[in-house]
Amino acid sequence: MLCHMTDKPRIITGRFAPSPTGALHLGSLVAAVGSYLVAKRTGGRWLVRIDDLDTPRGIAGMAEDILATLEEFGLEWDGEIAQQSESQDAYEAAFERLIAKGLVYPCGCSRREIALAASAPHPDDDCLPYPGTCRSGMRTGATCRSWRIRVADEDICFEDLRRGHICQNLARGCGDFVLRRADGGFAYQLAVVVDDYLTGVTQVVRGEDLLSSTPRQILLQRLLGYPQPAYCHLPLVTGPGGTKLSKRDNLISHHLGNWKGREGALLLAVLRFLGQEPPAELTGAPCREILLWGAAQFDAGRLPYTGGELLLG
Ligand code: GLU
């Protein structure tokens, strides 16, 4: 039950953190099942947090819809549901600590200006490499658009349970990154690090689309003196031939039609997608039984290196 990561023992804790921007889809179901089974297999608890930081993109009623879907798949969480919208004070305190370290500066650059300044095509897909224009002050007359953190020209490395040893040089990869927007809103990178710390998360199991965010999050953990959780980034569900799934094809309802009563079949397909071999006797079994099998048998060593289509039996 306990692992000794730093000075005091911590309860093994996994989590699933959906954003309420749409219904639970195939990719997020994989992340939910994967994070649940890795936590349960190691005797830990599994938390659910609603990542509603990005309020304009949130859709009313989606958080409830996602939670109801998790319940239909038998994915029972431990403790209270957390919500990012309720943690603003904690983000503020962490932000202030980074300011006090002299690591944060105001930036007046627009996305367009940053894109124009980027000299070469960028290897990391999710952020424009920031060239450091405002590091030593904004140009006269510029208005602050965001607050950025200085990153050093050094590799940040970690062990991913599935992908192995991963290193990224943040200075070359994405440059000084945004912690807060001028409207006061906090960036996902800061919020997730603070939330995971506050809720005692010791293992982060999520989709590979977030792998490139992990070095930024590890940097923030180090600067804030938080212990580093274990990481496992799961393979991504794609369409045929590795194509990106359309919004419609990603819907659970698209695959199962009126899927009530067929959740077990999809759960078994998710287990197979994650490289596991559930026995034939589980065909037709209720979700709870399938999850109990997974909690006892899940083998992270079998996770496939590449993603692909999620095929229903
Ligand atoms: N809320 C994020 C998403 O839905 C996931 C955050 C995380 O797992 O770190 O993509």
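These numbers were taken from a predicted model, which means no experiment stands behind them. Ligands are counted one by one from 1 in listed order, and the atoms in each one are counted from 1 as well. Values reported hereafter were calculated over all heavy atoms of this structure, with side chains retained and with hydrogens, waters and symmetry mates removed.
- Under a cutoff of 6.0 Å and an axis angle of 45°, R148 and Y105 do not form a cation-pi pair.
- Looking at atom 5 (C) of ligand 1, its nearest protein heavy atom turns out to be A17 O, 3.3 Å.
- A salt bridge links R49 with D196: the distance from a Lys NZ or Arg NE/NH1/NH2 to an Asp or Glu carboxylate oxygen falls below 4.0 Å.
- Contacts between R15 and ligand 1, counted as non-hydrogen atom pairs separated by less than 4.0 Å, involve the side chain only.
- At under 3.5 Å, a nitrogen or oxygen of Y188, whether backbone or side chain, sits near a nitrogen or oxygen of ligand 1.
- Taken together, the cysteine pair C144 and C107 keeps its SG atoms at least 2.5 Å away from each other.
- Taking a cut-off of under 4.0 Å to the non-hydrogen atoms of V192, the atoms of ligand 1 that pass are 9 (O).
- Between Q84 and D195, some side-chain heavy-atom pair lies under the 4.5 Å cut-off.
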Hey, mind stepping through D78 and K40 against salt bridge (charged side-chain N to carboxylate O under 4.0 Å, His left out) and telling me if it holds? CA-CA 11 Å; D78 296 297; K40 295 297 164 184; 2.9 Å; yes

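- Scanning all heavy atoms of the two residues, the minimum distance from R97 to Y226 falls at NH1-CE2, 4.2 Å.
- Close contacts between ligand 1 and D51 involve ligand atoms 1 (N), 2 (C), 5 (C), 6 (C) [criterion: under 4.0 Å to a heavy atom].
- Remark: distances from the non-hydrogen atoms of F16 to ligand 1 are all 4.0 Å or more.
- Taking atom 3 (C) of ligand 1 as the reference point, the nearest protein heavy-atom neighbour is S19 OG, 3.5 Å.
- Every atom of ligand 1 with a heavy atom of R206 under 4.0 Å away is listed here by number and element: 7 (C), 8 (O), 9 (O).
- Distances from atom 10 (O) of ligand 1 to the heavy atoms of L210, V204, D52, V193 put L210 nearest.
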